[in-house]
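Below is one structure; the comments refer to it alone.
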Amino acid sequence: MKRELSRILHVEDEPDIQAVAKLALEAVGGFTVRICSGGHEALEAVGEFKPDLILLDVMMPGMDGPSTLRKLRELPETAKTPVVFMTAKTQAREVDDLLAMGAQSVIPKPFNPMTLAAELRAIWERVA
Amino acid sequence: MSESHNPAQQFAALRHRFRDALPARLLEMESAWQAARRGAAGQFAALQRLAHGLAGSSAIFGYRAVGETAHALEQFLENFLTTGESPEVCAPQVESMLAALRQAAMSPGKLN
């Protein structure tokens with residue numbers, strides 16, 4: 001039987017988005033959530049937190065989302081972890097580029113906090 | 001008083017917090033712009049990041065006018081940064097957009 005989605009690592013630098021996503025994932029979705037403010041923090045957290053799925057902002061200062069994904073894929077613990085990008089850049093070509101980098105899906109911003117958990121469960125069902 | 005566990009009420013509280021913090025965010029952007037005009041290093045890029053953050057937050061809380069104006073400013077600055085020109089060259093456009101942001105933010109509680 002497939003394991004349920006339980007632990008989500010959210011990588012996002014904007015505090016308001018962090019707070020809304022935390023609400024969406026914990027209070028609405030019932031997930032266990034770790035929030036990291038950037039790529040470097042995420043790379044340090046994954047070994048201890050062991051996420052089932054990583055929700056990754058694209059535009060972040062320092063290490064951006066695509067760079068973070070590349071580094072995550074180099075780590076044994078996250079080489080195959082489903083990664084979902086979140087971005088306001090949702091032109092078809094931009095989405096295709098993000099998927100070609102190895103993400104399993106792209107969720108557009110602004111996201112709906114009341115349906116984000118269901119969207120991630122649907123992605124998990126499809127890819128895990 | 002115990003914190004509401006109703007997600008919709010929690011979201012409404014976050015939205016109010018965002019609205020109350022808008023003036024301070026706009027002031028921060030104005031400060032970054034003035035510093036950029038004085039030639040302070042990194043302030044032009046800092047203003048672009050602030051605009052990006054405001055655009056994202058505004059969108060999720062339904063402040064469409066603020067979000068669209070912040071996004072336009074973000075895009076303008078992103079393009080201008082690649083030219084390497086002095087901030088003075090784009091001052092009229094930036095100041096116009098900052099004024100539009102102030103105007104959009106002056107409607108407290110106005111959601112789209």
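With a 4.5 Å cut-off on non-hydrogen atoms, B:Leu14 touches chain A through its side chain but not through its backbone. Only the side chain of A:Met114 comes within less than 4.5 Å of a heavy atom in chain B; its backbone stays farther off. Neither the backbone nor the side chain of A:Ala88 comes within less than 4.5 Å of any heavy atom of chain B.
In this structure, B:Asn79 contributes its side chain and B:Gln75 its backbone to a donor-acceptor pair below 3.5 Å. With hydrogens and angles disregarded, no donor-acceptor distance shorter than 3.5 Å links the side chain of A:Glu26 to the backbone of A:Leu23.
Listed options B:His71, B:Arg25, B:Arg49 were ranked by heavy-atom pairs under 4.5 angstrom with chain A; first place goes to B:Arg25.
Cation-pi geometry between A:Arg7 and A:Phe49 is met: the NZ or CZ atom falls under 6.0 Å from the ring centre, inside 45° of the normal.
A side-chain donor from one of A:Ser37 and A:Gln18 sits under 3.5 Å from a side-chain acceptor of the other.
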